[in-house]
Amino acid sequence: MKKLNIFYFIITALLIISCGSSNSEETSLDENLIADFSFTSDDNFFEFTNLSQGATTYRWDLGDLSFYCEKENPTYRYVTVGGDIDVTLTAINGSGQEASITKTIQAPKVIDVDIKIDGNFDEWQDIDFLYEEADGISVQKIKIYGKGDNVNVYLEGNELMKMDLVDMFIDSDGDSSTGFVSWQWPEGSGADYLFEGPLLSASWGSFYQQTDPNGGWAWAALAGSGVNLLSSGAVSIGESTNAIEFSIPKTQLGTLGETISFAFSEKTSGWAAIGDFPKVSATGSFVSYTFPIEALGVCQ
């Protein structure tokens with residue numbers, strides 16, 4: 001009987017030692033596994049450099065994803081979030097053990113507004129002026145917002161700015177050497193489209209497409225195109241300040257480039273010249289706006 005008890009004791013002890021050894025191997029930490037990374041940025045485009053040690057695979061939470069990126073050294077463009085963003089890298093070794101590190105990056109602010117052409121300019125408050133001329137004859141300031149289906153424009157000027165009649169030149173393809181090359185703005189024009197008429201919704205004004213391959217004054221009217229411009233008309237927002245907002249469907253402007261540029265020649269309803277914006281000068285050029293990249297970020 002004693003021999004049997006001793007046998008059971010030995011077997012039990014061996015089982016305890018065996019189980020304890022297995023658990024220890026599964027939960028032990030690898031001191032050689034280190035997660036780390038650095039990064040560089042150009043505007044909202046980031047390049048991440050993996051500095052981890054002892055890992056074979058990687059998992060990145062880039063701060064605005066509902067999925068993980070598993071590239072070793074990813075690049076990523078932030079188009080939906082900006083400001084302070086927490087980026088987490090998890091380094092994983094061949095045994096499945098993990099080490100993680102989180103760093104905060106700073107991406108440019110992402111502006112996402114819903115512009116309504118209604119003469120209420122509150123939606124424009126988060127958008128900076130793209131260009132200003134304090135001594136402009138009528139038009140003095142411009143904002144442009146090109147996210148979504150339309151190109152939206154806000155103009156601000158003095159009490160002379162009424163836009164009863166305007167020649168609005170548009171370089172839609174981002175190439176100032178193609179289209180109408182204007183003597184008024186010699187350092188960058190290339191208008192592919194011209195809108196002529198009152199800057200009002202559904203007016204008699206029309207869009208014209210430039211047709212001279214040598215950049216001269218030659219335009220073909222686009223039938224029914226005037227209805228494709230929505231405008232608030234000039235609205236008084238102060239004792240000597242007027243403002244106007246309008247939108248143009250992107251489909252009206254053909255194949256768009258990465259930028260779009262505008263210039264305006266304002267006239268009275270009797271075709272008398274009021275002023276140009278930007279002002280005419282030997283170094284004048286259209287006001288250029290760069291479209292935001294709207295495609296969702298994909299790690300590369």
Side-chain angles (χ1 to χ4, degrees), residues 79 111-118 123-124 127-131 139 141-156 163 165-182 184-185 187-233 244-267 276-278 284-295:
V79 296
I111 298 175
D112 193 3
V113 296
D114 182 17
I115 301 293
K116 294 181 174 62
I117 307 301
D118 55 7
E123 304 100 314
W124 290 96
I127 301 172
D128 295 332
F129 283 105
L130 185 62
Y131 181 79
V139 185
K141 302 178 181 180
I142 185 171
K143 297 181 179 184
I144 301 176
Y145 181 72
K147 199 170 184 178
D149 296 330
N150 302 315
V151 179
N152 303 282
V153 180
Y154 170 88
L155 298 174
E156 192 174 295
M163 293 298 181
L165 188 61
V166 63
D167 281 341
M168 175 171 61
F169 299 95
I170 307 171
D171 173 13
S172 62
D173 65 1
D175 185 350
S176 62
S177 67
T178 63
F180 172 59
V181 180
S182 171
Q184 295 169 287
W185 298 279
E187 292 302 306
S189 48
D192 305 295
Y193 292 91
L194 164 69
F195 176 85
E196 189 171 63
L199 202 57
L200 294 172
S201 303
S203 73
W204 59 263
S206 295
F207 282 92
Y208 300 82
Q209 188 168 13
Q210 207 273 347
T211 58
D212 185 348
N214 297 316
W217 185 271
W219 306 92
L222 303 178
S225 58
V227 299
N228 290 332
L229 183 141
L230 294 178
S231 173
S232 65
I244 187 171
E245 62 182 350
F246 64 91
S247 69
I248 305 169
K250 290 180 178 178
T251 54
Q252 176 67 67
L253 301 173
T255 302
L256 293 173
E258 294 181 356
T259 64
I260 189 169
S261 304
F262 288 86
F264 303 84
S265 288
E266 185 176 4
K267 302 172 175 62
D276 299 304
F277 180 83
S285 64
F286 287 7
V287 177
S288 184
Y289 168 81
T290 301
F291 286 108
I293 297 175
E294 298 187 57

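One is the number of the first residue; the rest follow in order along the sequence. Side chains included, hydrogens not; waters and symmetry mates left out as well; all remaining heavy atoms used.
Ring planes of W185 and F286: perpendicular class, angle over 60° (limits at 30 and 60°). Note: W217 and F180 have perpendicular aromatic rings, judged against thresholds of 30 and 60 degrees for the angle between ring planes.
Heavy atoms only, all atoms of each residue included: I244 and S231 are closest at CD1-OG, 3.6 Å. For the pair S182 and S189, the tightest heavy-atom approach, listed with the atom from each and the gap, is N-OG, 2.9 Å. Closest of all the heavy-atom pairs between E123 and K116 is OE2-N, 3.2 Å. The shortest non-hydrogen separation linking F195 to G205 is CE1-C, 3.7 Å. What you find for L229 and M168 is that their closest heavy atoms are CD1-CE, 4.0 Å. Considering every non-hydrogen atom in both A191 and F169, the closest pair reads CB-CB, 3.9 Å.
A distance-only check finds no donor-acceptor pair linking the side chain of Y193 to the backbone of S172 [under 3.5 Å]. Using a distance-only test at 3.5 Å, with no hydrogens or angles considered, a donor-acceptor pair links the side chain of Y145 to the main chain of V113. Put simply, the side chain of D175 gets close to the backbone of S177: a donor and an acceptor are under 3.5 Å apart. Side-chain atoms of N150 do not come within 3.5 Å of backbone N or O of N152 as any donor-acceptor pair. A donor-acceptor contact shorter than 3.5 Å links the side chain of D192 to the backbone of D173. In terms of modelled atom types and a separation under 3.5 Å, the side chain of T211 and the main chain of A218 share a donor-acceptor contact. Within the 3.5 Å criterion, the main-chain N or O of G188 finds no donor-acceptor partner in the side chain of S176.
Here the CD1 atom belonging to I142 is positioned 10.5 Å from the CZ atom belonging to F129, to the nearest 0.5 angstrom. Rounded to the nearest 0.5 angstrom, K143 NZ and D128 CG are separated by 7.0 Å. Distance CG/L230 to CG/L200: 11.5 Å, rounded to 0.5 Å. Atom OG1 of residue T178 and atom CD of residue Q210 lie 8.5 Å apart, to the nearest 0.5 angstrom. A distance of 8.0 Å separates CG in L194 from CD1 in I170, rounded to the nearest 0.5 Å.
Looking at F246 and L199, their side chains come closer than 4.5 Å, going by heavy atoms from C-beta outward. In this structure, Y131 and F277 have side chains that are in contact, with non-hydrogen atoms separated by less than 4.5 Å. You'll find the side chain of I115 stays beyond 4.5 Å of the side chain of S247, heavy atoms only. No side-chain heavy atom of V166 sits less than 4.5 Å from a side-chain heavy atom of K267. Between F291 and K250, some side-chain heavy-atom pair lies under the 4.5 Å cut-off. When side chains are defined from C-beta on, K147 counts as touching D112, because their heavy atoms get closer than 4.5 Å. A heavy-atom distance below 4.5 Å is found between the side chains of Q184 and S265. L222 is listed as a side-chain neighbour of Q209, based on a closest heavy-atom distance under 4.5 Å.
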For a quick test of your reading: what N or O donor-acceptor pairs under 3.5 Å do the side chains of residues 254-263 make, sequence neighbours left out?
from, atom 1, to, atom 2, distance (Å)
S261, OG, S288, OG, 3.3

Pair M163-L155, side-chain contact (heavy atoms from CB on, under 4.5 Å): steps then yes or no: CA-CA 10 Å; M163 293 298 181; L155 298 174; 3.6 Å; yes
CA sep, side-chain torsions, deciding dist, call: Y208, S206, side-chain contact (heavy atoms from CB on, under 4.5 Å): CA-CA 7 Å; Y208 300 82; S206 295; 4.0 Å; yes
N228 vs Q252, side chain to side chain donor-acceptor pair (under 3.5 Å): CA-CA, chis, key distance, verdict: CA-CA 7 Å; N228 290 332; Q252 176 67 67; 2.5 Å; yes
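E156 pairs by the salt bridge (Lys or Arg N to Asp or Glu O under 4.0 Å) definition with K141, not counting sequence neighbours.
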